[in-house]
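Okay, so here's the structure we're looking at.
Computation of the quantities below employed the complete heavy-atom set of this structure, encompassing side-chain atoms and omitting hydrogens, waters and symmetry-equivalent molecules. For ligands, and for the atoms within them, numbers begin at 1 and follow the listed sequence. All residue numbers in this chain count up from 1 along the given sequence.
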Amino acid sequence: MVLPFGCQMNRSDTERIRTVLNSMGLEESESEDDPDLAIKGIIACSIRQKAVDRVYGKIRNWNSSKWKPLTFLSGCFLPADGEKFEALFDFVFPIDLASKLPEMIRERTGDDFTNSISLPSGEFADSDVMEKRIESFWQLQPAYSSGSEAFIPIQNGCNRFCTFCAVPYTRSREVSRLPAGILAELRYLVGKDYRSFTLLGQNVNSYGHDRKDSKLNFAALMKSIGKIGRETGKDFWTYFTSPHPRDMNGALFDVIAEYDVLAKQIHLPLQSGDDEVLSRMNRNYSVADYQQVVHEIRGTLPGATLFTDIIVGFCGETDAQFERTLEAMREIQFDMAYIAKYSPRPGAASAGWADDVSREVKEQRFAKAGEVLREIASRKKREMLASKQKVLLCGRNEQKGYFSGYTEGRVPVRLALDAVNAKSAEKNVENRSRVGEFTTARITSTGSLSVEGRML
Ligand code: SAM
Ligand code: SF4
């Protein structure tokens, strides 16, 4: 059993770790309390202290149970936490060493899992050890958790050193995955009729900058994906997360506009609407720079939805500075915002500064920013009322009688199942087979963050 904590990158890493475990002859269990479990693991997230606390909670719980299988921890963790985790887990290793897990187990327990895996042996022209290790990790064939949507890692680590962020310390410097591997994985999945791909990295639009090949860049990678769409004639949507506003350029938007398989949805973290706070965050852009990028997006991709990340209560953030974040949210009119309360991360530069916005004020700002988001987002969703939308069906709830899915702009949609026949066995089979497919729907009601409709 492997539990991913946190972001999509961790869920993607989990799919590759499952391959390692499957290759050892182990099968995934549905339940953490299954008495036959041989090994339990966590793919940790260190973006916020809350996620780290969850790891401590979970392992203490596992360790205090009467019967205890082997435990491991990987993913994003800070060196300081790593030392503490070593005392609590049987194995703690960086994600790029996941394929060594069978060897680690053998050394520790003498247990020889029968189908010990063969490690991929890539050809690496100009790579250092770290780069080789992460490339071999990427070469593992993932045990995908969905038959229609996939995360595809394109990069690991980050060179930007925003002062609040743990990533450069948990995942180290940027390494871009070679395009051949990315495109081969995507082609394979397109061949299996996958409908939605999300390219993953911490700063995806600096993709390729660490490689010697000057032609390698994010817009070129996206163009290659667009061409795969045209060549194969398959229908799919390609998303990416997260880019950095500083590394955005118009060439990328032109490419997205050119190809149908490149989804018209942009996730562009703003973090704060105040220039002084942005500067202390080491974001390297001003609110005006950010708005210029938004202007380009809306010029080239008029129907695209815009998502963002916001941090409230960063060190020294005054009421007036927070108000400017709300103003920016209102001006820019985001379709969605992931709002976080600042928490200091050991190792990141801001951890040495006073975390001087009280918990109470952070809570108030968090609630206020959520309110503003819902205000803006409800208005934008109302514009969808009565419109016809293409929807990817990704799940269904037979009891409650609906399909869940999303539009190209990643707006969540609920569509009523056929109410009269929903309970018939035949209808159930039909409903099940539609999950993973596109459908067309008429939007019949709207909320702040999602909409409802009926299939046409
Ligand atoms: N690379 C992206 C960017 O440039 O903004 C961000 C990736 S980060 C892994 C995901 C989000 O977590 C950030 O956008 C930020 O809003 C949030 N985050 C990161 N560090 C945080 C901290 N110390 N406290 C609260 N939220 C944090
Ligand atoms: Fe963290 Fe994103 Fe900044 Fe990199 S660019 S340091 S991942 S917030």
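- At least one heavy atom of Arg283 sits less than 4.0 Å from an atom of ligand 2.
- A distance of 9.5 Å separates CD1 in Ile256 from OG1 in Thr238, rounded to the nearest 0.5 Å.
- Annotation: Lys390, atom NZ; neighbour count of heavy atoms from other residues, nucleotides and ligands within 6.0 Å is above 12.
- The shortest contact between atom 27 (C) of ligand 1 and any protein heavy atom is with Ile311 CD1, 3.8 Å.
- Here the two rings, on Phe72 and Phe93, have centers that are under 6.0 Å apart.
- Separation of the Phe240 and Phe218 ring centroids falls under the 6.0 Å cut-off.
- Closest to atom 24 (N) of ligand 1 by heavy atom, among Ser343, Ser242, Cys76, is Ser343.
- Within the structure, ligand 1 has Ile47 among the residues with a heavy atom less than 4.0 angstrom away.
- Each of the following atoms of ligand 1 lies closer than 4.0 Å to a heavy atom of Pro269: 3 (C), 5 (O).
- The backbone and the side chain of Gln202 each have at least one atom closer than 4.0 Å to an atom of ligand 1 (non-hydrogen atoms only).
- The pair Glu28-Arg18 counts as a salt bridge, with a side-chain nitrogen and a carboxylate oxygen less than 4.0 angstrom apart.
- Ligand 1 has no nitrogen or oxygen under 3.5 angstrom from a nitrogen or oxygen of His244.
- Judged by distance alone, with hydrogens and angles left aside, the side-chain atoms of Arg345 form a donor-acceptor pair with the main-chain N or O of Ser46 at under 3.5 Å.
- Heavy-atom contacts of Arg345 reach the following atoms of ligand 1: 23 (N) (cutoff under 4.0 Å).
- Near atom 1 (Fe) of ligand 2, less than 2.8 Å away, sit the protein N, O or S atoms Cys165 SG.
- Near His244, meaning under 4.0 Å from any of its heavy atoms, are these atoms of ligand 2: 5 (S).
- With a 4.0 Å heavy-atom cut-off, ligand 1 is reached by no atom of His267.
- Defined by atom type and a distance below 3.5 Å, a donor-acceptor pair is present between the side-chain atoms of Tyr406 and Glu149.
- Note that Arg414 lies in the cation-pi zone of Tyr402, set by a 6.0 Å cut-off to the ring centre and a 45° limit from the axis.
- Any N or O atom pair closer than 3.5 Å counts here, and Gln271 shares at least one such pair with ligand 1.
- Taking the centre of each ring, Phe151 and Tyr239 stay at or above the 6.0 Å mark.
- At a 4.0 Å heavy-atom cut-off, ligand 1 touches Lys341 through the backbone alone.
- Taking the six-membered ring for Trp and thresholds of 30 and 60 degrees, Tyr169 and Phe161 have ring planes more than 60 degrees apart, a perpendicular arrangement.
- A search for side chain to side chain contact (heavy atoms under 4.5 Å, CB included) contacts involving Ser148 returns Ser146, not counting sequence neighbours.
- Within the 4.5 Å cutoff, the side chain of Asn203 has no heavy atoms near those of the Ser242 side chain.
- The six-membered or imidazole ring of Tyr188 lies away from that of Tyr194, with a centre-to-centre distance of 6.0 Å or more.
- The protein heavy atom nearest to atom 4 (O) of ligand 1 is Arg283 NH1, 3.0 Å.
- Trp353 and Phe314 have perpendicular rings, their planes meeting at more than 60° on a 0 to 90° scale where under 30° would count as parallel.
- Given atom 11 (C) of ligand 1, the protein heavy atom at minimum distance is Asp309 OD2, 3.5 Å.
- Remark: minimum distance from atom 20 (N) of ligand 1 to any protein heavy atom is reached at Phe164 CD1, 3.3 Å.
- The closest approach between a heavy atom of Met9 and any atom of ligand 1 is not below 4.0 Å.
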